[in-house]
Every structure is written in structure tokens, then in C-alpha cells.
Amino acid sequence: MTMGLLLDFFLVILALAAGWWTIGAKDSFGAAVAFVAYGLVLALIWVRIAAPDVALTEAAIGAGLTGGMLIGASTRLESAKQATRAGGVTRRLAIALSALVAAALALAVLGLPHPPPSLAAAAMAALPPTGLGNPVTGVLLAYRAVDTLLEKVVLILALLGTWSLAPDRLWGGRPGRKERRNAASPLTLLGQVLPPIGIVIGLHILWVGANEPGGAFQGGTILAAMWMLAVMAGLVDVPAISRTWLRLLVVAGPGLFLIVGLAGFVVAGGFLAYPPGFAKPLILLVEVVLTLSVAAILLLLLAGPPEREPPR
Amino acid sequence: MNAEVLFGLAGAVLAGLGLYGLVADPAPLRKLLAFNLLGGGVFLVFGVVARRGAAAGLGGDPVPQALVITGLVVAFAATALAVALLRLLFERTGQTLLDTAAQERTSPDQADG
Amino acid sequence: MMAPALPDMPTAGGFLLVLAIMLPIAGVLLQFMLGGRQAERIALLVMPAGLAVAVAVTAALMLSGRPLVYHLGNLAPPLGLALRADGFSALMLMTTALIVSAIGLFARADFATPTGTVEARAPFVFWTLLLALWGALAVVFLGQDLFTLYVGLELLTFGAVPLVSLDGRAETLTAALRYLLFALFGSALFLAGTVLFYGEYGTLDIALLATRTHPDTTSAIAVAMMTAGLLAKTALFPFHLWLPPAHAGAPAPASALLSSLVVKGPFFLVVRLWFGAMPGLTDLPAAQLLGALGAGAVLFGSVLALCQPRLKPLIAYSTVAQLGYLFLMFPLAGGVGLPASVRMAVWTGGAVQAVSHAFAKAAMFAGAGLIGQALGHDRISGLRGVGRALPVTTFAVAFAGLSLMGLPPSGGFMAKWLLVRASIATAQWWWAALVFAGGLLAGGYIFRIIAPALSAPEKPLPAIRTPARRREVVVLALALISVLLGVVPFGLTTLLAVGNPTIAHIVPR
Amino acid sequence: MSESLLVAAPALPLVLAVACLWRPLREWAGGLLILAPVPALAAALVVRRSSVVTLQHGLVPITFALDVPGAMLLGVSALLWIAAGAYACLRRCGQPLGGQAVVCWLLTLCGSVGVFIAADMASFFMAYALVSLPAWGLVVLDDTERAHRAGAIYVAFAVLGETLLLIGFALLAAAGDSLLIRDALAALPHSPWRGMTLALLIAGFGMKIALIPLHVWMPPTYRAAPISVAAVLSGAAVKAGVIGLIRFLPLGTVLPGAGEALAAVGLFGAFYGVAIGVTQEHPKTILAYSSVSQMGVIAAVLGMGLGAGDGGAATAVAFYGAQHVLVKGALFLAVGVAATNSRRQLWRVIVPAAVLALGLGGLPLTGGALAKLAVKGVLGGGIVGMLANLSAAASTLLMIHFVHRLAGSSAVEDAAGGRELALPWLLLAAAAVAIPWLLFPLATGGSRLAALHPVSIWASLWPVLIGAGLALLRRQFERRLPRFPEGDLLALGKYAMPAAMRIGEASERLEAGLSRWPVASLLLLAAALLLGGGILIAR
């Protein structure tokens, strides 16, 4: 057994333990914390299976945003009346059936064919016309661009759904409560120091995404995190949801993507096709705007529905 | 036993754990956690598929990798919406039970609008 | 190895498919950006344009007799993504365009931005989600890539859930949460199957999968997981726990969309999966299982509809029941050596059932909304006298009921007739008996609405708010379409045969 | 030209029904009710027999055709519709009819006309549904508790009948692979599903003609419906079932088992209807039971025809039915007209009504006697023929009872309306006497003189005399007669209700379980496993 495989075993055990804890923890808070750990271990596993783009995303979204959001929810809902635990029969049946489905999944995985089919070669062969160096970015922004576009619309719908939960009279107002600014708090210091660094890192991740692991979503996540930090430190406030610039920021990414796609009809002979020679600059432009939109959407999703009176 | 098989089986077991939580845990927040756990397992299987497809000088097939990224974003969006619903439900009723809807069909007239 | 057959090459007019998806999506983005009253205006502008695109797609299919195919970014599958419209897609696209437009016109009175307000919550959310659902359905009906379809399904769910809780009552919040969580459960299963398909065949394109799949262990598990996930999302019995509270609790125009269109999306994908990606499954006992669940839905949903004290839950349970008929397609269309005429009967029967139920159910929920607004409640025991107060609406609801009962000349009748014919031809008696029982039970629950509505009120009705005539006419038009589908089938068989290899060769052009 | 009448006959009522959704047009509704059946009457008179019209529009071509049985029933039904329409609007004394009444009336008329001329299964089924279902709106017109109860029963049986026929037709279509009734029928004797198909068709049409025990809807319905509605339902609408049996039973083929079974059920009904009928009080209920009895005779004739492979039974039955259309329609109108006359002038109604009523028992020289003569050949002279004669005696008994009740029932109901109501009634009564004489040669191919032969007169007289004797006996035992509720066996329904409630409650309990998250989600996992297993095992 090689060192590598040993490390893999170790990671798997960690992931299973974190997963077990997520399900079995007594309270929701513990479970949410375990879930963050689970996400981080998964991110390491993604590195181990040569998927650094996914690893970054898993760390940022899976562990970071999702985990943070669930931890926040678990503290909020702490006092919620608990339902009685499922009865013994239900649990035994659940164990049996989940195990069977898991076994079926395992069986299916073991049954995957040799040699495995792969689009890696095709993806690499199609890459030069786009001018990109990272095939994952090629898939996301060129080969399967429509998935990425629709995924942004999914995010906007989730945002709309979140906002729709506001009471009518608060519609158009700011989400969340106003954080008090406390000059002495370490949070404020962090809020002042970190964002500039974070923004640089975020933009860097976006930029290198063309050729190295990284890209719009990972960059946007970091920008959103910095923004959130500044909000929590009371340095800035979450904008009111009726702000035109905010709405514009949210739709700018997918909107531009769509416009570029439609322009493809005219200049490149097809929807979401890029004209030869202009592919890379266009993709980068789209990515920059997408990053900003993603940052805004993520921040707003974290902030929740409007809770303050709208500006008059 | 190689790394791919190991991670593939791990993905299946994690998915099973998630399924169990989704079925048996009565608290919606825990179901949400379980859903994300389940998603992680499924994505991991996809990662194994990508890894198996390593070719052309790449460590893995980039297509499944990209799909996992999209999938993670969609799962996050789902979680965000569910958390917002949960929070509002809790603020309104002080509880977040799912299995009360069965009794609600006998609730008084709705003012539909 | 032979090159793939012709239908998978891009065709002229394929750009229409891009428009069919992107027009509503662009509308959503614009609505979100401009907000307020503009959201409604944009929706009203997109409606005729989208309708025109749907008509153009249908016309292109009818004229050429070939499916429309488009390769996004000029890149062919497996690396690129394809959009494809066969006859069934075009039919569902057309249905969606008509119903969304009708419900849009109907909902203007419910979701007008009040004067003096720049933007109001419910109207903004409704109009945006109206177009979002349209776009999502277009993705589901046209997408050829299983992962794109997964994203489309998620779009559909995220568009539908906020509509359920639009009025913010606590019980609708619970309903929305149940809906969302169960739908996510389904998504996870669907995604797991998708992953396995990619791992086994290296593509997610349905047309390519159709040439590559073989029923080995991995594929069987993949199909089973995907199907189960889709069943959860389409609320087939006994996975319907989320549907009645969600569809009964949403505002009437939203209920109409959810019950008529949204649940058809996942069903459509089950058809794609079983007849497209993995042909041959319908010979197997698994198809009988799908049929059996459908039968359970018909019987159980109908009996529960008979038990409901209120109108909207009754209609919601009727949806549970009517969805069941759709799943008779699977056991009936299978069988090696089945005559093509029987296959065609099954396809036409299933498609007509999907479409006529969509129109009938949209009419019923919209009509129930008008009745609820006029009376201030929707207790069935309190419906007496409605026929006098709202004759057009009552008439429309009765007509829609005709289609649900499967009486001639409605589309529902045509569907049942074809399904019964197929069940006789394949010697599967039990499905004919089911249609028999389902028709009787449907007659019962429709009668429960119509009988009191047409009788005189015990005491004069309190001041009734008469709805605008325009709204009543919309409801009537929806009901009439569902009834006339049986008499004027609009070239349905010709359309359905386009791009459907199992029946294409027997339909004369 | 004459063929286009065939299309206009069902089309005009349909068009008028749609047009009547426009409120101002309904002001003239009375005139429309009289006008709407006119093309049908004209078609019956002018259109050449065996002409066929095919409209190639919808998914299936619509084919209309007219043969002798169809034409006879079409003509007399149209007459009844005109007379009843006139009665309905005269009774309203200038008040406009309600929209529900007009639209439902016209739709039922459309179906009633359509069933006689439809030559393919699709349009027949469509017409059959039209003649059955919209009539519900007519039954409940009085908007009383009784009317709504009757309406619910009516609709339940109508839908049940429709559904039975849907499956029966599907089987028939599968046998012949053609939607033309003629082709499908030709293939039926060789169909592997012959027995099942016949059973479903007989049950489906039997629902309409009140074959025992499917008759229970008829008495409460006729009792609760307004006079004019009861007249068209009992006269014209019921004949949809008769024409259905004529069209869909393979009368040219010898099918002894099915035929004798049908004949037995029919004959039983012929006596059963009378037996229950004589215990009833209300004239309309008595007429309903008389219909049960008369339709029993028709079923018996068809059964014998089927058993013997006698194709001529169709025309004989149609003639019998045509006679019944006019007589029963006229008798129902008589109930209404009687109510508007003072006791002193009641004889003006009673005397003609008595002649018509006794005609149903076969009183010589009446249409009834001709009808019995026409079916004699099919019934044969054996035990069946004897029983048929006895049923005529029984009918006489029932009709004497009816006349007696009619005489004792001034101001029963429908008291409104003037003397002019008598006009449509008298015209219909006159037609009921005259038309059978006109049609007799057409129906039997024989001469009218045959009916005037003393042997024939005696053959139809003696059952009437026996019936009269029985009527005297009945008067003697008036007090000792048991009382049956309207719809007799319907009373058994009270045992079915708790069972239905229990099913409902059990379903709701099951639903409460299925609505629980763990249950539904476990079932989902189980379904996934079963589906996968199902695919794998069969591989």
C-alpha cells in the first residue's frame, strides 16, 4: 500500500466520520459544524483526485457558504419545538433501505466499464480556439455555457424566492439588521484589513481561472465573503433590495452572457458561439461581470429577506 | 483496491448516510444538512468518474468536474431558499415541523387572493 | 462505425429552440432589473412573442416532418449541448405557451401593482416567476442533455416553490418547505443516476445514449434512481404528499400553473428516459410497476377528491388522480412486436391526456379562484347559487370537468378511448378496468361541484363581487380547448409522429 | 340537398344551443325549441333510405346514415320534441325559459337526433353522451330536494352506462379495426372477446332502457322531472338505448345463449314493471314503471331476434319503439293537461288518454295493437309468445290503474298554464293514433288489412279483457297491496352508503399516513429499488 493510498484511506475515514457526526449529532449546531468539517475533508479529497477547481468550489461553497448558512440557521432555530424522533420501525426501515440504495450505488460504481469513457481528449482538442488554458473553464464558459447561464438564473430565482418571504410592507427594504460599528472590536479590524486583500485574491482567482484552477464562481464567493465581513463589522450596510444599481449588478452577469450568446448568432454563426480570435477576451469579460453578479447574489442570499422599512 | 474504487465506495456510503438522515430525521434543518451530505456523496462519485476519465495529459475528465461545480452552486441555491423558508416558518409559528400539513386541510376557510 | 442517423444533425430553424428558451429567460432578467410595473409589462410582451415561437416550432415540424435540432455554440454532443424538438416537445411547448399566456391575462387583476406603489412584492414575484416557469419548462421540453435537464428541473422547482407561499400564511410556508425538500430529494436521486450514466457511456446526450445504452447493472440502477427522483417531483402516488397542500394553498393563478404545467415537466422526462435514452425498458416488469403506481394514483386520488370539503383541495387531489393515467403509457407502449398502430394509440393517448388535463386543470383552478373571490370562501357545501351568480365560470368549470371525467367529445375522452384500445390490443385488461373505475369516480367528484353550483341558494347570497367578464372568458377558453381537443385534434397524430421513431413510419403525411 | 338535411338535423340544435349562450336570443327560446327538431322531422320524411354522409374533419370521419328503423324513430321522436317543446313554452305563460333549461334541452335534442343517424362509433358515442348527460340539467329544473336526489341518481347511472359503453366500444373497435358500426359488427361474431363485448353493450344500453335491475333510476327521475321533460325523456331519449341495441347487436347472426338471456331478462322486466307499478300512487311514477315494462318487451323481442339470427327484428322493434315514443310522450303530457282542467271537464282529457293508455296493452285498432302484431313473428308462438300476450294483459292492468289515478288527480302539479296547453297534447295524441297505421306496411311489409282481420282483433282483445278483469281484482285488494318506494331496489342503496363512507374514511386514514414524510420517502426508496430490481431481473 502506497503512502498516497494510505492518505486516501485516512481522508475517507475522516469524511465518513464527519458525515456520521452530521447525521448523528445531538443538536443541529453540532451537525452543522460537522458538515463544515465534512466539506473541508471533501475539498481535500477533490485535490487528491486531481480536481483542484472543484476543490476550490467545495471549500468556498460546500464548506464555506453552505456550512456557514446552516450554522447560522441552527443557532437561529435553536429554540424551535423539536419533533418527536422517528419511531424504531421507521428508523430500522430507513437504515435498511438507505443501506440498500447505497449498496446499489456502490454496485453501480463497481460496474463502471473499463476502459472508462472520457471527454478529456475532446475537451482538450476543442480548447485552442477559445484561447483558454483551463479545460474546466472551457467546459463551463464555452462547451456547456448554457448550463452556466441557467445556473445563474437558478441563483436569481433562489434570491427572488428568498425575498418573496418578506412581509409586504418591508418590500424594497434592506435585509438583516444593521450591525453596530464598534471601533474596538477585532471584527472591525478584520473588516478593514481583510477585504482589500480578499478582493485582490478573488480577482486573482478569477483571472487565473482562464488557465489555472479558479474562475468566476470561486472568485465571486471570496468577494462575497469579504463584503459580508465588512457588513458584519458594521463598515458597510447591505443595500436595500429596491436599489436599481443592485438589481443591475445581479442581472449584469447573466445578462451580458446572454447578450454575448445572442450576438453569437450574428458574428459567430450560432448561439453562445464565440467569433474566432475574440473568444478569450469575450469569455474573460463575461467572467468578470459574472464574478461581480455572483458576489452580489451570494451576499444577498446570505443576508436573507428584507427586514427593514424601505427607503422613502 | 485503488483510490478510485475507495473514493467511489466512500461516495456511495456518504450518499446512504445522507439518505438515512433525509428520511428519518424529523427536523427540516437536519434534512437539509442530510441533503447536502447526500449531494456531497453523489458529487464524489462524479469526481471518481472524472478521475477514471483521466486522459490527454489531464488528471481527470474536465466535463464531470465542471458539472460538479454547477451542481454545487445549484445545491447552495436550494439550501439558501430552504433556510429562508425555515427561518420565516420559525418566526411565524415557533416551530419548524413538516408533518403538520396533514391536519391543515381541515383549517378554516382560506381567504384566497 | 456508422455515423449517427440524420436527425441528430442541426436543422434549419433550430435557432427557434434557442429563442423558445431564451425569450422567457431574457424576460426574467429584464423583469428583475426593471422591477415594479415593468415586470407585468414585460410578461405581457413576452407572451405573444413566446406564443409565436411555439407556433413557429410546431409549424416547422409539421412542414418538414423532421425534428428541429440545434447545437449550442456550434459544438456537437457529446462535448457540446444539443436542443431538440420532436412532436411531443412541440406539443408541450405549445400547451405551455397557451396556458402561460392565458393565466397571465387572467392574473392581471390579482397581481396588479397598486397605484402609488413603485413595486409591490406579490406582483413582482408572480410576474417574474411566470416567465421563469415558462423558461424552465422550455428547457425541460427541449433539452437533450441530462445535466441541462437537471438544471432545468431545478429552475422549475425554484420557480414553483415561492409561488406556493406567495401569500405568506404559515400553512403555505409549511407546504412550500415540504415541496422544496421533497423535490430536492428527487433531484439528488436524479443527479445520482445522471452521474452513473456519464460514468458508463461518457455522454449525457439523450440521442447518443439511445444508441449506446444496454441494460446492465449500472444502467439499471441509474435509470431506477432517475425515475424515482422524477416520480417524486411529478407527485405520482404514493409520493404525492407535497402536492395537495401546495397546489391548494397557492393563489389561484399559481395553482393553475403548478397543477397544469409544472408537474408535467418531470413526467415528460420520464418519457424521455424510458423511450428515448434507454429504449426497451417498457418491455420489463418495471413498466408494470409504473403503471400500477399510476393506477393507485387514479383510484386513491379520486376517492380523496370525493372526500374533500373544499374546492381547491378537491381539484388538487384530482390532479393526483389524473397524473396516474399518464403512467399507463409505460406498460402499454412496451412489448416486443407490438403493432405500430397500438404504439401510436398509446403515444397519442398519453399526449392528449397530458395536454387536455393541462387545459382542464388550468380552467378549474382559475375558475375556483373566481368562485373563491366571489363568495369569500371555497367550501363545497356553500357553493349553492354560484351557477346563477357566475354562469360563465360555472359553465367553464363544468366543461373542464367533462374533460376530467373523460366524456366525449373532450380530450380526456379521446385519451381514455385510446388507452383502453391499447389495453385491449395488448391483452392487459386491468388497465381498461382502471379507466372504467377512474371515470366513474371522476364523475362523482365533478358532480359534487356542479350539482350544488346549479341549484338555488338556500338564502340569497351575500353581496357577490362579480369578476370581470374578461377573466371569465379566459377560463371558458381554457375549458373549451380541453373539450375540443377530442373533436378537433389539430393534426395531433401527425405532429406526435415527428421525430418519434417508434411510430413515425406509420403516420401518413 | 336531402343529405344535407341529415347533417342539419343534429347540427341545428347544437348551433342553437351555443347561440343561446347569448342572453337576448333566449327571449325567443320558446320558438327555438319548436324550430330546432324540424330538420330532423324533414330528414326522416325526405332523405332517401340508405343514404350516407361522411364528414372528413376530425381525428375520425363522422358518418351519418339513415335506414328504415332509424328513420321511423327519428321522425316520431322529432314530432315528440316539437310537441313537448311547444308544451314547455306554453306552460311558461310568456315567461322566458331559463338559460339552463334551453341549453340542456337543445343539447339533449341534438343527441337524441344524432343517435338515430350516427353510423360510426365515435359520433354515436358522442350523440349518446349528449342525449344522456345534459338531461341532468332538465331533471333538476324544479330545484327541489326530490329533483336533486333524482338528478344525482340519474347522472350516476348515466355515467356508469357511458363508461360501460366506452369499454364495450373499444372492444368492438378492436375486433373489427374499423370505427364504422357496420364493419365492427360484421367482425364481432369472430371476436375473441365476443361474450364480454355483448355483455358490456347490453349492460350499457340496458341502463338507458331500464333493463332490470338497472331500471332503478327511471321512476324517481320521471317523477321529479317537469312534465315536458319527462315526456321527451321517456319517449325520445330512452329510444337511444333501443337504437343502440338495434345497431350494435349482431341480429343477423345466431347467438342463442346471449339472445335467450336477453329475452329472459326482458320478459321478467315486462312483468316486474307492472308488478311494482300497480302499487304506485303518482301517475308519473306509474308511467315510469310502464316504461320499464314496455322496454322489457322490446328487450325480449331483440333477445329472440338475436337467438334466432333474425335480422328483421330490428325493424319490428323500431316500429314498436316508435309507437311507444308517441304514446308515452302523449300520456305524460296528459298528466300535465289534466291538472289544468276542472273536475267537470276532466273527461276531455281522460277519454283520449284512456284510449292511448289501453293501446299500450294492445287494445284493438290502436297503434299498440299494430305494434304487438309487428313483433309477433319474432317472438314466435311458443312459451315466449304466450308470456308476451300475458304481459299485454299486465300492461292493460297497469294502464287502467294509471287512468284511474289520472282521473283522481286534478291539480296534481303543473297547475299553471292555460287551456292552450291542450293543443300540443291533442296533436300528439292524434299522431299516436294515426302514425302507426301509416308506418305499419313499412315496418312489417304486410298489409294494414291484416290488423283488421277478426283473428288479429281477437288476438289483441283477449289480453285486454284479462287485464280489465285483473284491474277489477286489484280494486278489491287495493288495501292489501304492499307499498314499494319509487325505484324499488334503490332502497338497497342505503346499505351501500355506509360501505362507501367506510372506504372514504379508510382512504383518508391511509392518506394521513402517506402524508407523513418518513412514509413517503421510504416508499420512494423502495420504488427506486423495485424499479432497479425489476429491470435487472428481467434482463
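Note that these values count all heavy atoms, side chains included, but never hydrogens, waters or copies made by symmetry. Order of the sequence lines sets the chain letters (A, B, ...), proteins ahead of strands, with each chain counted from 1.
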Per-residue contact mode, P254(A) against chain C (heavy atom under 4.5 angstrom): both

Residue pair W163(A), F124(C): steps toward the ring pair (Phe, Tyr, Trp, His ring centres under 6.0 Å) verdict: CA-CA 11 Å; W163(A) 286 358; F124(C) 175 69; 7.4 Å; no

Closest contact, heavy atoms only, A268(A) versus N74(C): O-ND2, 3.3 Å

Atom group of Y274(A) that falls short of 4.5 Å from chain C, counting heavy atoms: neither

pair M225(C)-L105(A): side-chain heavy atoms closer than 4.5 Å: yes

Closest contact, heavy atoms only, Y198(C) versus P117(A): O-CG, 4.0 Å

Contacting region of V153(A) [heavy-atom separation from chain C under 4.5 Å]: both

Side chain, backbone, both or neither of S242(A) within contact of chain C (heavy atoms, under 4.5 Å): neither

Within-4.5 Å side-chain heavy-atom neighbours: W171(A) and T117(C): no

Pairwise distance CE(M22(C)) to CG(L272(A)) - rounded to 0.5 angstrom: 6.5 Å

Which atoms of V139(A) approach chain C - backbone, side chain, both or neither, heavy atom under 4.5 Å: neither

Heavy-atom pairs under 4.5 Å with chain C, option from V250(A), L170(A), L160(A) with the top count: L160(A)

Contact check, side chains of L110(A) and T218(C), non-hydrogen atoms, under 4.5 Å: no

Choice from P116(A), P167(A), A166(A) maximising heavy atom contacts with chain C below 4.5 Å: A166(A)

Chain C contacts, top residue of A108(A), A273(A), S118(A), A123(A) (heavy-atom pairs, under 4.5 Å): A108(A)

Contact class of V118(C) relative to chain A, heavy atoms under 4.5 angstrom: neither

Pairs of heavy atoms under 4.5 Å with chain C: top-ranked of G261(A), P306(A), G269(A): G269(A)

Rounded distance (nearest 0.5 Å) linking atom CG of L119(A) with atom OG1 of T203(C): 6.5 Å

Gap separating the CD atom of E119(C) from the CZ atom of R247(A), nearest 0.5 angstrom: 4.0 Å

Which of V125(C), L173(C), T128(C), I221(C) touches chain A most, by non-hydrogen pairs under 4.5 Å: I221(C)

Options G161(A), S164(A), G111(A), ranked by heavy-atom pairs under 4.5 Å with chain C, top entry: S164(A)

Heavy-atom check, side chain of F32(C) versus side chain of L159(A), under 4.5 Å: yes

Nearest-0.5 Å distance, CD1 of residue I241(A) to CZ of residue R121(C): 10.5 Å

Chain C contact via A252(A) - side chain, backbone, both or neither, heavy atoms under 4.5 Å: neither

Over all atoms of both residues, closest heavy-atom pair of G159(C) and L157(A): N-CD1, 4.0 Å

Contact winner vs chain A - V151(C), L155(C), L163(C), heavy-atom pairs under 4.5 Å: L155(C)

Which atoms of A120(C) approach chain A - backbone, side chain, both or neither, heavy atom under 4.5 Å: backbone

Residue L112(A) versus chain C: region with a heavy atom under 4.5 Å: both

Spacing of CZ belonging to F271(A) relative to NE2 belonging to H71(C), to within rounding of 0.5 Å: 15.5 Å

CG on L149(A) to CG on L72(C), rounded to 0.5 Å: 10.0 Å

Considering all heavy atoms, the nearest P113(A)-G199(C) contact: CD-O, 3.6 Å

pair L83(C)-V146(A): side-chain heavy atoms closer than 4.5 Å: no

Chain A contacts, top residue of L79(C), L75(C), L29(C) (heavy-atom pairs, under 4.5 Å): L79(C)

